[in-house]
Structures are given as structure tokens and as C-alpha cells.
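By convention here, the first residue in the shown sequence is residue 1. In this text the structure is predicted, and so the values were computed from the model without any measurement.
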Amino acid sequence: VASLDYERTANSLKEFHRLPHVKQEYINELPVRCATPADLMADVGASARDVAFLAVDTEGFDAQLLAMFLGLQGFDPAVVQFEWAGHHSNDTTKVEALRDIAMALHARGYELRKEQENMIARIPDDVQGS
């Protein structure tokens, strides 16, 4: 279980892992380095054009992060995977952000399909490399 929010993590442990009493020592707070997609690409010596597959699982921030990747010049991987379920809690803003990402990917020629809690966007084989 991972989250940016202590209470959400504790509730997940109670609800999904059936731990009736969540003790503070069950949850570790870890520092995480944050970088923009552009900085990440620079850190590894790659360009947006080098990305062939992107999987995003950022516990409710998938749409926002993916929007940043889509803003990179030359970002056009064959496959993009991101979570659509479970993190929006029917918050209109988050649902709209997910919708906007799906529409942006579709406008770029991606086919989208749902696979459990993930959305898989892929460029059709007959379009790749053209």
C-alpha cells in the first residue's frame, strides 16, 4: 500500500488488508525525490522520443503526471498504461482529468481499453512507424 496521505494508507490497510487495528509502526514514511518528466529524461540521458512504453501508477495523480509527459515535445510511446479506478473517489475534478487524458491520447491516435484498474493506450500496429 502506498499513498501520499497517512490516513489513506491506514484506511487501506484496514479495508483491503483487513487489519482492524493499524499501528503507526505498520506505516513507514519515506522521502521520495520528485522530478518533472523533463528532468527525469535529462537525468537518464534520454529524450521523450526514446520512450517506448510508459506505465504510471502514482496513487491518484496519474492524470496529472501523464499530462506533463504528453506536454513533452516528441513524446509518442507505442504503449501508455495508467490507473483510472480507485483513486478519484468520484471527485469531479479528478474524473475530468482522467477523461481529458483519455481524450488527449485518443486524439493522438491511441486506442484505449480498460484492463482491471488500468487503462492501456496503444498505437495500432498499422499506424506505428508511419
Item to check | Step-by-step side chain to side chain contact (heavy atoms under 4.5 Å, CB included) determination, D76 to R49 | outcome: CA-CA 6 Å; D76 195 23; R49 292 189 196 319; over 6 Å; no
Next on the checklist: Using side chain to side chain contact (heavy atoms under 4.5 Å, CB included), reason through L105 and F82 one step at a time and then give a plain yes or no.
Outcome noted: CA-CA 12 Å; L105 288 165; F82 61 99; 3.7 Å; yes
Item to check | Evaluation steps, side chain to side chain contact (heavy atoms under 4.5 Å, CB included), between F53 and V80 | outcome: CA-CA 6 Å; F53 174 85; V80 175; over 6 Å; no
Item to check | L54/L66 under side chain to side chain contact (heavy atoms under 4.5 Å, CB included): CA gap, chis, key distance, verdict | outcome: CA-CA 9 Å; L54 178 69; L66 191 47; 3.8 Å; yes
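Of all the heavy atoms in D62 and D57, the pair that sits closest is OD2-CA, 3.7 Å. Annotation for A48 and Q73: closest pair CB-O, 3.4 Å, computed over non-hydrogen atoms. Smallest separation of non-hydrogen atoms from T58 and L65: CG2-CD2, 3.7 Å. Contact detail for L72 and M41: the closest heavy-atom pair is CD1-CG, 4.3 Å. Smallest separation of non-hydrogen atoms from Y110 and A78: CE2-O, 3.9 Å. The two residues P124 and G109 come nearest to each other via the heavy atoms CD-O, 3.3 Å.
Under 4.0 Å is where a charged nitrogen must lie from a carboxylate oxygen, and between R33 and D43 at least one such pair does. Salt-bridge formation is detected for the pair E115/R113: a Lys NZ or Arg NE/NH1/NH2 atom is positioned less than 4.0 Å from an Asp or Glu carboxylate oxygen.
Hydrophobic cluster membership differs between V44 and V51, with clusters built from Ile, Leu, Val, Met, Phe, Trp and Tyr side chains linked at under 4.5 angstrom. V79 and M103 end up in different hydrophobic clusters when Ile, Leu, Val, Met, Phe, Trp and Tyr side chains are linked at under 4.5 Å.
Taking CD of E83 as the start and CG of N118 as the end, the distance is 5.5 Å to the nearest 0.5 Å. The line from CE of M119 to NZ of K114 is 9.0 Å long, rounded to the nearest 0.5 Å.
Side-chain contact between L112 and H106 is present, with at least one heavy-atom pair separated by less than 4.5 Å.
The backbone N or O of L70 lies less than 3.5 Å from a partner atom in the side chain of R108, making a donor-acceptor pair.
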